[in-house]
Amino acid sequence: MKPISFATLLATALAVTTGADAAKPWGACGTGIASDGTDCPTGYSCTEINESYSECQKDTYHQLAKRQTNTYVTGPASGTNERWPVNRLAAEIPTVYNMFILGLDAVMNVAETNILSYYEMAGIHGAPYKSWGAGDANTGAQLGYCTHSSALFATWHRPYLSLLEQRINAHARNIAASFTGATAATWRNDATRVRLPYWDWSTNGGAMPAQLTQPTVTVTRPGTNGVPTQATIANPLYAYRFRSNRRTTDFRDTRIRNSAATRRQPPSDMSSNNMAAADQAVRNGYSSRRQNTYNLFGITTFNAFSNRAWTNGNSPSQFTSVESVHDEIHVVMGGRYGHMTWVEYSAFDPVFWLHHCNVDRLVAMYQAVYPNGRVTPQQRSPTYPRPTDSGNDDINTPLNPFRKANGQYFTSQDVSTASSIWGLRYAYPEVPARFSGQSASSLQTFTRGRINALYGPNSAAATRKRQVSDGSLLPNVAPAAKRREWLCHIQFDVKELTGHATQIMIFLGNYTSNPEERQFDPNFVGAAAAFTPAMNHMSKNVTSTVPLTDELEKKVQSLDDLLEVVPYLTKMLKWSVVGADGEIPLESMPSLKIGVSSAETTYTDGLPQFGKWETHYEVTQKKESGYILADDAIIGSTPAPKVLGKVADAIDALLPKKDDSKPSGTEDKEPASSTEDCTTTTAAPMSTSTPSVVGYAAAPVATPAIEEDADAGDYGHGRKFAGHRFMDHDDSADVPEHGKGRGHGYGRGHGDHSEEDAETTTTPEEVPSAHYV
């Protein structure tokens with residue numbers, strides 16, 4: 001009789017007790033990059049026993065080693081350690097960064113059929129549209145598990161990130177176990193500290209860290225007999241290189257299907273990365289993004305902070321969300337064709353994980369500042385396990401497919417506090433684990449200080465001076481200061497989008513005619529990006545904001561001077577919608593509404609506190625897709641006082657009057673008609689006997705012919721001076737022709753002034769200083 005091996009006996013016994021299926025692909029077994037978590041010591045061979053155990057063998061010694069093939073999310077099995085910015089991690093703790101790179105590379109080299117491979121875990125987010133994990137139902141929906149425009153957006157991604165993090169950590173520890181020599185213990189200790197790093201795109205000018213842009217990286221790894229050996233490998237943060245042809249059947253987009261690696265801002269043939277374009281694109285939106293990031297912490301309800309779904313009556317500041325800020329990074333990283341632009345494929349690009357790690361960090365910081373904030377019921381967004389939008393999601397909705405160690409699904413209840421990250425064995429510099437066991441208020445004060453130091457306005461208009469000791473980011477609370485904040489608020493229905501990579505771009509001035517180059521235009525301020533699936537668009541109104549304040553400060557004398565800012569924005573504010581296939585006509589998005597609002601904002605305790613929001617309908621009422629007064633019912637603000645008519649009245653009051661005592665024939669002559677608009681400048685100082693209100697740059701003239709411009713509508717008179725309109729658009733296409741405007745609200749396009757809008761007399765003394773010629 002043939003002898004029965006020890007392994008066979010073990011396999012038989014364990015199969016009886018666990019019901020193991022011998023045909024089930026349990027994945028690779030052993031040490032090194034092919035490992036899926038088995039910790040066999042150096043020099044031992046590894047044999048698969050069943051789905052939970054491997055047998056480590058050396059000579060006649062046999063040892064069972066448990067490996068993770070279940071899909072429970074517990075966090076790394078090595079204490080609580082901080083996630084760091086990737087550039088600081090590489091510079092300040094290079095040995096931990098080294099082990100992170102080795103761990104990530106190992107995960108990426110696991111066979112793509114393994115449920116704990118990089119391919120399978122990335123595929124949870126979108127394609128290949130299949131169930132993942134034990135017991136998760138196969139619905140057949142052409143959707144991923146990820147939630148967007150949903151109350152669950154912020155909470156769902158937390159266990160998702162932890163799943164990959166614990167696999168990277170397990171591989172890093174497994175590799176470190178093979179080191180020998182005097183430094184072996186150091187490498188093993190550093191491997192236990194491995195956590196996902198993050199990329200904070202709202203600091204350092206938005207620049208991409210070098211760690212994301214270099215095709216190769218030099219690492220130290222175990223060589224012959226475990227001796228630490230340097231080697232240059234493909235950088236796993238630069239791209240994911242697909243290990244099989246599985247993508248050719250799993251992915252439906254032809255370009256993505258044919259690309260052997262993930263791409264950032266690639267050409268249409270997907271032949272290469274364009275890291276310079278990705279870097280420039282993310283830099284261009286920096287000012288607006290940084291202010292948006294700060295504004296997030298002035299939102300007092302978790303749902304409004306967390307996701308972009310529109311709620312009727314929200315104030316302008318609540319049109320932003322951590323999701324809408326996150327959307328922009330996806331689109332600028334991927335460009336028109338790259339993986340990050342697609343909901344379906346974005347998680348395959350390794351920058352996805354550093355990007356979402358930063359989003360999770362902002363969520364944890366918000367939870368520290370608002371410890372009682374919780375997910376509240378909101379209309380469901382379709383996902384793979386729940387493919388319809390009927391009903392609500394709430395704090396107890398399962399966060400499929402992620403399960404806790406007890407086999408139960410995570411819910412938002414499990415991750416609704418800042419301290420929940422410590423339970424998953426990670427922390428952030430702004431939410432450190434040393435506050436565990438302390439009062440919520442102590443962490444709140446600390447985190448507020450960090451928010452203010454990182455993202456608080458650097459504006460000259462914000463009169464408070466932030467002093468941070470020794471250049472570090474300490475929680476110093478700044479004295480109160482005020483600044484008028486200006487922002488564009490944007491809303492639209494995603495159902496009207498026909499593709500992906502859509503951006504609503506905001507400019508202060510004209511922009512290039514080439515849609516592909518608009519994100520690099522010098523007049524570009526920021527964009528609302530639509531990060532939505534390329535297919536299956538269900539009706540959902542979403543919102544975003546593009547703060548204007550920092551850019552306005554470069555253009556005007558005073559942010560508080562409405563007589564200066566409103567005419568400037570009326571003339572210079574422009575927008576364009578661009579998608580992967582080029583320019584998108586505004587008429588194809590009838591739900592699109594873009595408005596401008598401002599509020600005096602106080603900065604206390606490290607957070608913005610917004611005053612009364614006023615919407616400046618004058619700025620947008622004559623622009624296609626612009627807010628008009630009839631839209632007042634859908635936004636939580638009040639109409640701002642009229643400005644343009646007052647400016648015209650002030651100029652009229654300052655101009656010389658006709659002298660009737662002059663002999664006939666000596667009257668002053670009117671200037672020739674001009675089609676040039678008045679331009680923004682600083683007026684020369686006027687006589688002390690004349691109040692300094694405005695300057696008029698034409699040659700000295702007698703009483704000019706002032707016409708009422710019917711095209712201007714009721715809101716503001718839009719007067720013309722001697723044939724040219726004051727501070728209005730020239731022959732711009734975004735000014736509707738007479739009679740073509742929306743005939744409600746301010747009577748746009750009618751030209752019939754209401755009695756309420758009858759011209760009133762305004763003396764120069766009643767009008768603040770403006771600076772136009």
Side-chain angles (χ1 to χ4, degrees), residues 71-84 124 145-147 150-169 193 195-198 296-297 299-307 321-323 326 353 356-378 393-448 450-451:
T71 57
Y72 300 153
V73 178
T74 60
S78 56
T80 300
N81 287 275
E82 284 190 357
R83 294 174 175 175
W84 272 37
I124 293 170
Y145 280 93
C146 182
T147 58
S150 161
L152 309 182
F153 169 78
T155 52
W156 183 88
H157 283 87
R158 183 161 290 175
Y160 188 32
L161 293 168
S162 287
L163 172 66
L164 179 68
E165 183 171 68
Q166 72 188 45
R167 299 308 304 141
I168 294 172
N169 177 275
R193 300 172 62 189
R195 297 295 183 273
L196 280 171
Y198 62 87
L296 289 174
F297 298 99
I299 301 172
T300 57
T301 60
F302 185 80
N303 280 30
F305 158 83
S306 70
N307 77 93
S321 64
V322 76
E323 182 181 13
H326 134 282
W353 303 95
H356 268 277
C357 192
N358 190 51
V359 172
D360 181 71
R361 167 178 160 268
L362 295 174
V363 173
M365 292 162 70
Y366 184 90
Q367 291 170 328
V369 169
Y370 297 97
N372 296 319
R374 295 291 185 275
V375 167
T376 54
Q378 182 177 311
D393 286 322
D394 59 33
I395 198 167
N396 295 311
T397 301
L399 302 180
N400 300 68
F402 309 118
R403 295 177 184 269
K404 298 176 287 186
N406 63 6
Q408 300 298 309
Y409 283 114
F410 275 86
T411 69
S412 298
Q413 190 78 261
D414 297 308
V415 289
S416 283
T417 64
S419 61
S420 68
I421 68 175
W422 307 330
L424 288 168
R425 301 176 186 140
Y426 70 91
Y428 292 109
E430 299 80 15
V431 190
R434 69 174 182 269
F435 282 94
S436 178
Q438 298 188 36
S439 67
S441 62
S442 60
L443 176 61
Q444 181 185 58
T445 299
F446 176 83
T447 304
R448 278 179 170 177
R450 297 300 295 264
I451 292 167

Taking all non-hydrogen atoms of both residues into account, name the closest pair between [X] and [Y] and its distance.
| X | Y | answer |
| --- | --- | --- |
| S306 | F153 | O-CD2, 3.4 Å |
| P371 | Q444 | CD-NE2, 3.8 Å |
| F302 | A154 | CZ-CB, 4.0 Å |
| A433 | A427 | N-CB, 3.8 Å |
| S420 | R158 | OG-NH1, 2.9 Å |
| V375 | D394 | CG1-C, 3.9 Å |

Please report the interatomic distance [atom1]([X]) to [atom2]([Y]), rounded to the nearest 0.5 Å.
| X | Y | atom1 | atom2 | answer |
| --- | --- | --- | --- | --- |
| I124 | Y145 | CD1 | OH | 7.5 Å |
| F410 | L399 | CZ | CG | 8.5 Å |
| N307 | H326 | CG | NE2 | 11.5 Å |
| L152 | D393 | CG | CG | 4.0 Å |
| T447 | R450 | OG1 | CZ | 8.5 Å |
| S162 | R425 | OG | CZ | 10.0 Å |

Are [X] and [Y] close enough that some pair of their side-chain heavy atoms sits under 4.5 Å apart?
| X | Y | value |
| --- | --- | --- |
| R83 | L161 | yes |
| I395 | S416 | yes |
| I451 | E430 | no |
| H157 | D360 | no |
| V431 | Q367 | no |

(message) Once you measure the plane-to-plane angle for F435 and F446, does it fall in the parallel (<30°), tilted (30-60°) or perpendicular (>60°) bin?
(response)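 Aromatic pair F435/F446 classed tilted.
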
Only counting residues at least two apart or in another chain, list the ones meeting ring-ring contact (aromatic ring centres under 6.0 Å, His included) with [X].
| X | result |
| --- | --- |
| Y370 | Y366 |
| Y426 | Y428 |
| W156 | Y160, F402 |

(message) Before you tell me yes or no, could you show the steps for F297 and R448 under side-chain contact (heavy atoms from CB on, under 4.5 Å), namely the whole-Å CA-CA distance, both residues' side-chain angles and the distance that decides it to 0.1 Å?
(response) CA-CA 9 Å; F297 298 99; R448 278 179 170 177; over 6 Å; no

(message) I need the single residue from E165, K404, Q166 that forms a side-chain contact (heavy atoms from CB on, under 4.5 Å) with V73. Which is it?
(response)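 Of all the options given, the one that passes is Q166.
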
